Amino acid sequence: MTSELWPVSDVLAHLAGRWLVERTVRDLADDLTGTFTGSTEFTALDGGGLLHVESGTFVWRGVSRPAERTLRFEPGGLPGTAVVRFSDGRFFHDLDLRSGRHVADHPCSADLYRGEFTVYDAERWRTVWRVKGPAKDLLLTTDYRRA
């Protein structure tokens, strides 16, 4: 991946559509690595924003199983930004890609999720979540490519 940043003036407009997803999940405490391969679809929500539905196959310890998640990307407080919520409406993190890069924190019990979002161009972006705490020591790297 190139290290150049690609500013996004409107994160919701940029993300709309279908993306191919490749994720590596590293458990740093146990020195294990898994993968997720699939796609995510960002479709319009009534009242504004996008519904994010990700589905694919997660392989962990040699076992493949279907995996999916749903998030809501809603308009943020500043033009071009978003607020990301879990499917039940709970706050996950904010998202501002106007510089091409964003860092967000999400405390989860005693663990901290720190996400770094990087946009490379109109067709590619990456998230890297570092999860650290008493229950988890993970590194999740996800590459998105427009389908």
Side-chain angles (χ1 to χ4, degrees), residues 1-3 5-6 8 10-76 80-98 100-147:
M1 288 270 164
T2 178
S3 62
L5 298 177
W6 198 73
V8 172
D10 183 338
V11 67
L12 296 175
H14 177 73
L15 293 178
R18 187 169 179 266
W19 298 82
L20 303 178
V21 179
E22 292 184 7
R23 177 176 301 122
T24 301
V25 179
R26 292 185 53 215
D27 182 331
L28 301 173
D30 294 329
D31 195 28
L32 296 170
T33 300
T35 59
F36 172 86
T37 305
S39 64
T40 191
E41 186 104 20
F42 288 89
T43 57
L45 282 168
D46 290 340
L50 299 170
L51 184 66
H52 163 276
V53 178
E54 179 181 272
S55 61
T57 302
F58 182 52
V59 179
W60 187 252
R61 295 183 183 221
V63 178
S64 297
R65 61 182 154 278
E68 63 181 38
R69 72 174 176 165
T70 302
L71 299 170
R72 299 172 60 89
F73 283 60
E74 300 172 351
T81 68
V83 171
V84 181
R85 298 185 183 281
F86 294 104
S87 60
D88 64 6
R90 289 176 299 128
F91 178 79
F92 186 10
H93 62 84
D94 57 352
L95 186 58
D96 180 353
L97 295 174
R98 294 175 297 169
R101 182 177 177 276
H102 182 74
V103 175
D105 287 342
H106 174 76
C108 183
S109 296
D111 298 324
L112 177 66
Y113 285 64
R114 170 157 288 159
E116 182 175 335
F117 301 76
T118 307
V119 182
Y120 299 107
D121 56 40
E123 308 297 316
R124 297 173 306 128
W125 60 291
R126 171 180 277 182
T127 64
V128 178
W129 284 97
R130 179 69 171 97
V131 186
K132 188 99 170 116
K136 297 177 183 167
D137 191 5
L138 304 172
L139 182 66
L140 297 88
T141 303
T142 307
D143 288 306
Y144 297 85
R145 189 173 30 114
R146 195 172 294 280

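Not measured: the values here are computed from a predicted model.
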Could you list the donor-acceptor pairs under 3.5 angstrom formed by side chains in residues 31-45, with sequence neighbours left out?
| residue | atom | partner | partner atom | Å |
| --- | --- | --- | --- | --- |
| Thr40 | OG1 | His52 | NE2 | 3.0 |
| Thr40 | OG1 | Val53 | O | 3.3 |

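- Between Arg124 and Asp143, every side-chain heavy-atom pair lies at or beyond the 4.5 Å cut-off.
- Heavy atoms of other residues, nucleotides or ligands lying less than 6.0 angstrom from CZ of Arg26 number 12 at most.
- For the atom pair CG of Leu140 and OG1 of Thr127, the computed distance is 8.0 Å after rounding to the nearest 0.5 Å.
- Scanning both residues, Asp30 and Asp27, for their nearest heavy atoms gives N-OD1, 3.1 Å.
- Judged by distance alone, the side chain of His106 and the main-chain N or O of Phe92 form a donor-acceptor pair under 3.5 Å.
- Across Leu138 and Arg130, no two heavy atoms sit closer than the pair O-NH1, 3.2 Å.
- The two residues Gly100 and Leu5 come nearest to each other via the heavy atoms O-CD2, 3.8 Å.
- Two residues are said to be in side-chain contact when any heavy atoms from C-beta on lie closer than 4.5 Å; Ser87 and Leu71 fail this criterion.
- Contact check for Leu112 versus Lys132: no side-chain heavy atoms found under the 4.5 Å cut-off.
- When Phe117, Phe86, Tyr113 are each tested for a ring-ring contact (aromatic ring centres under 6.0 Å, His included) with His93, only one passes: Phe117.
- Nearest approach of His102 to Asp96, heavy atoms of both residues: CB-O, 3.2 Å.
- Each of Trp125, Tyr144, Trp19 was scored for a ring-ring contact (aromatic ring centres under 6.0 Å, His included) with His14, with one residue passing: Trp19.
- A distance of 10.5 Å separates CZ of Arg145 from CZ of Arg18, quoted to the nearest 0.5 Å.
- When all heavy atoms of Asp88 and Arg90 are compared, the closest pair comes out as OD2-NE, 2.8 Å.
- The side-chain hydrogen bond (donor to acceptor under 3.5 Å, both in side chains) contacts involving residues 55-76 comprise Glu54-Arg69, Arg72-Glu74, Glu74-Arg85, where partners must be two or more places apart or lie in separate chains.
- Residues Ala67 and Phe58 share a closest heavy-atom pair of CB-CB, 3.9 Å.
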